Amino acid sequence: MPDFRLNDEHEALRQTVREFAVDVVAPVIGDYYERHAFPYEIVRQMGKMGLFGLPFAEEYGGMGGDYLALCLTLEELARVDSSVAITLEAAISLGAMPIYRFGTEEQKREWLPKLTSGENLAAFGLTEPGFGSDAGGTATRAYLDESTNEWVINGSKAFITNSGTDITALVTVTAVTGETPDGRKEISAIIVPSGTPGFTVAPGYSKVGWCASDTHELTFDDVRVPAGNLLGQRGRGFAQFLRTLDEGRVAIAALSVGLAQGCVDESVKYAKQRHAFGHPIGDFQAIQFKIADMEMRAHTARLAYYDAASRLVAGENVKRAAAITKLYASEAAVANAREATQIHGGYGFMNEFPVGRFWRDSKILEIGEGTSEVQRMIIARELGM
Amino acid sequence: MKIVVLVKQVPDSGAERNLRSDDNTVDRGSANNVINEMDEYAIEEALSIQEKHGGEVVVLTMGPSGATESIRKALSMGPDSAVHVADDALHGSCAVATSKVLAAAIGQLDADLIICGAESTDGRVQVMPHMIAERLGIAALTGARKLTVDGSTLTIERQTEEGYEVVTASTPAVVSVWDTINEPRYPSFKGIMAAKKKPLETKSLADLGVDASEVGFDGATSTVVEHSKRPPRQAGNKVADSGDGGVQLVQYLSSEKFV
């Protein structure tokens with residue numbers, strides 16, 4: 001029998017993160033958001049709790065947890081704020097995980113303890129100004145200068161999360177390093193430490209949402225790094241990041257469920273307080289039915305990510321399950337944010353209520369880590385079309 | 001240094017709490033039961049002393065079997081082991097009887113330092129550290145907002161209404177702490193996973209050599225005989241300002257002796 005109830009340890013973690021989100025994040029995040037400021041103090045405390053090390057082995061400073069533990073954490077953070085959740089998601093799934101999974105022992109020893117403790121952040125540079133979902137369109141190039149045994153990188157990357165904070169240690173970038181025997185681009189991943197000459201971080205984007213997270217465009221102008229900074233095997237960059245994206249989709253689904261649930265929480269609270277025509281608006285079926293539908297979407301989306309995360313933990317191929325849960329959860333988040341804003345009326349359009357922030361933060365969930373269109377394409381392909 | 005931290009499970013002070021209608025004791029069934037908030041500061045203080053000076057931290061709880069959940073949560077913050085005193089005969093124990101039981105349990109642990117919260121959010125009598133110290137014949141340093149350990153010398157800043165007093169004592173001693181002393185850590189997932197494997201010993205009154213007649217309702221020095229809900233708040237006086245509003249306000253404040 002499938003059993004979707006959490007075990008005691010996962011439940012204890014969920015409650016701990018819930019307390020942290022409500023007590024530490026919720027009271028201050030609106031201010032960071034308005035100022036488009038990165039919440040260093042919150043990130044420091046998350047590091048102390050070990051959240052950045054959740055799915056990693058203890059020998060690299062990790063917590064020895066599994067991917068479900070990470071997903072539960074992301075859900076509870078995003079239930080209060082998505083900027084903080086995406087900072088953690090990107091730091092783990094995109095920053096540390098590729099090194100953990102594909103790095104040499106030396107690379108792991110050098111970088112992971114700083115990343116799993118939250119002392120430093122790492123970013124993953126895949127998307128470029130000219131391509132996104134079509135990852136084979138990589139234009140950034142790198143060649144090995146054999147006279148100095150260094151990679152020389154030229155190109156640019158766009159929308160890179162955690163790439164420009166004061167504590168960012170490195171960006172792993174994908175670049176074309178040659179041609180495969182059948183004439184396609186050979187793509188490899190290379191670690192570029194922050195501060196390497198020629199590596200420029202543009203000022204942060206002006207974003208519609210996720211305003212307290214760190215996102216930049218990066219340019220690489222004859223950037224030289226040691227040959228040993230190649231991550232994993234030369235020419236395996238493509239395969240590596242596909243796996244990274246499959247996992248990341250489950251994490252984004254968890255984050256979407258958090259936002260969807262946060263909309264329910266705020267709407268229930270508001271519907272009991274706000275009066276119209278002599279009643280709390282929660283007495284009216286027009287509001288009750290909206291909230292019931294929101295709860296239904298959040299619950300169903302949660303079951304879908306629990307399933308995908310359990311399959312990930314069991315080592316199964318999750319391509320189809322990850323696409324389904326990411327697609328469904330992100331659309332649930334957008335729908336719930338729209339309804340929560342509607343329930344809040346004029347106040348829903350004001351930044352002083354969290355739902356306005358949820359609304360702004362929801363749309364990117366249908367875009368990042370593969371658009372909804374790409375998810376549908378994957379599902380259809382999995383059905384043999 | 002061996003540190004014993006007293007941890008009590010209480011009904012969540014953030015939600016509605018009740019006394020039972022049958023025996024006037026705390027109704028644990030209707031509430032979400034949590035670690036007494038002040039005790040988390042005591043745990044944090046013990047752990048930070050352990051980090052600096054080494055040694056061992058033991059959690060001690062007296063309470064019904066359901067208190068195990070709070071003990072595991074306390075252990076997930078980092079203490080090494082726990083002792084849970086659970087015995088049906090303890091139900092209805094007053095503060096004096098509770099101190100007898102806790103002192104007996106501490107006596108078996110051979111502690112150098114006992115740290116506890118300055119009060120619990122359910123009982124709020126603030127006498128436990130004094131009573132336990134008296135029973136053990138050791139010093140009580142109460143109401144600390146800062147604690148320093150230097151060898152066997154303990155120094156606290158004792159919080160008062162006007163400021164603080166510096167008080168010292170030698171180990172062994174009991175120290176009670178306020179929530180101004182530190183910022184308790186959140187348990188990590190590693191801590192949560194480790195907590196379920198840590199030793200948790202359950203002791204009965206017989207194990208502690210305490211007779212059942214000395215505790216519970218039978219041994220209680222005080223018993224709640226009746227309770228009732230706080231009366232609903234009365235409607236306030238409304239002052240309508242038709243020129244003399246200020247005078248009316250002053251008259252009211254003066255009649256209530258506020259000014």
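Residue numbering restarts at 1 for every chain, and letters A, B, ... go by the order of the sequence lines. This is a predicted model, so every value here is computed, not measured.
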Nearest 0.5 Å, please: how far is [atom2] in [Y] from [atom1] in [X]?
X: A/Gln15; Y: B/Lys73; atom1: CD; atom2: NZ; value: 7.0 Å
X: B/Lys190; Y: A/Glu58; atom1: NZ; atom2: CD; value: 4.5 Å
X: B/Met77; Y: A/Thr16; atom1: CE; atom2: OG1; value: 10.0 Å

Heavy-atom count check: over 12 atoms from other residues, nucleotides or ligands less than 6.0 Å from [X] [atom1]?
X: B/Lys146; atom1: NZ; value: no
X: A/Asp3; atom1: CG; value: yes
X: B/Asp88; atom1: CG; value: no
X: A/Asn7; atom1: CG; value: yes
X: B/Glu69; atom1: CD; value: no

Item to check | Which portion of A/Ala12 sits near chain B, non-hydrogen atoms under 4.5 angstrom | outcome: both
Checklist entry - Of the backbone (N, CA, C, O) and the side chain (C-beta and beyond), which part of A/Glu19 lies under 4.5 Å from a heavy atom of chain B, both, or neither? => result both
Item to check | Where A/Met63 and B/Phe189 come nearest, the two heavy atoms and their spacing | outcome: SD-N, 4.0 Å
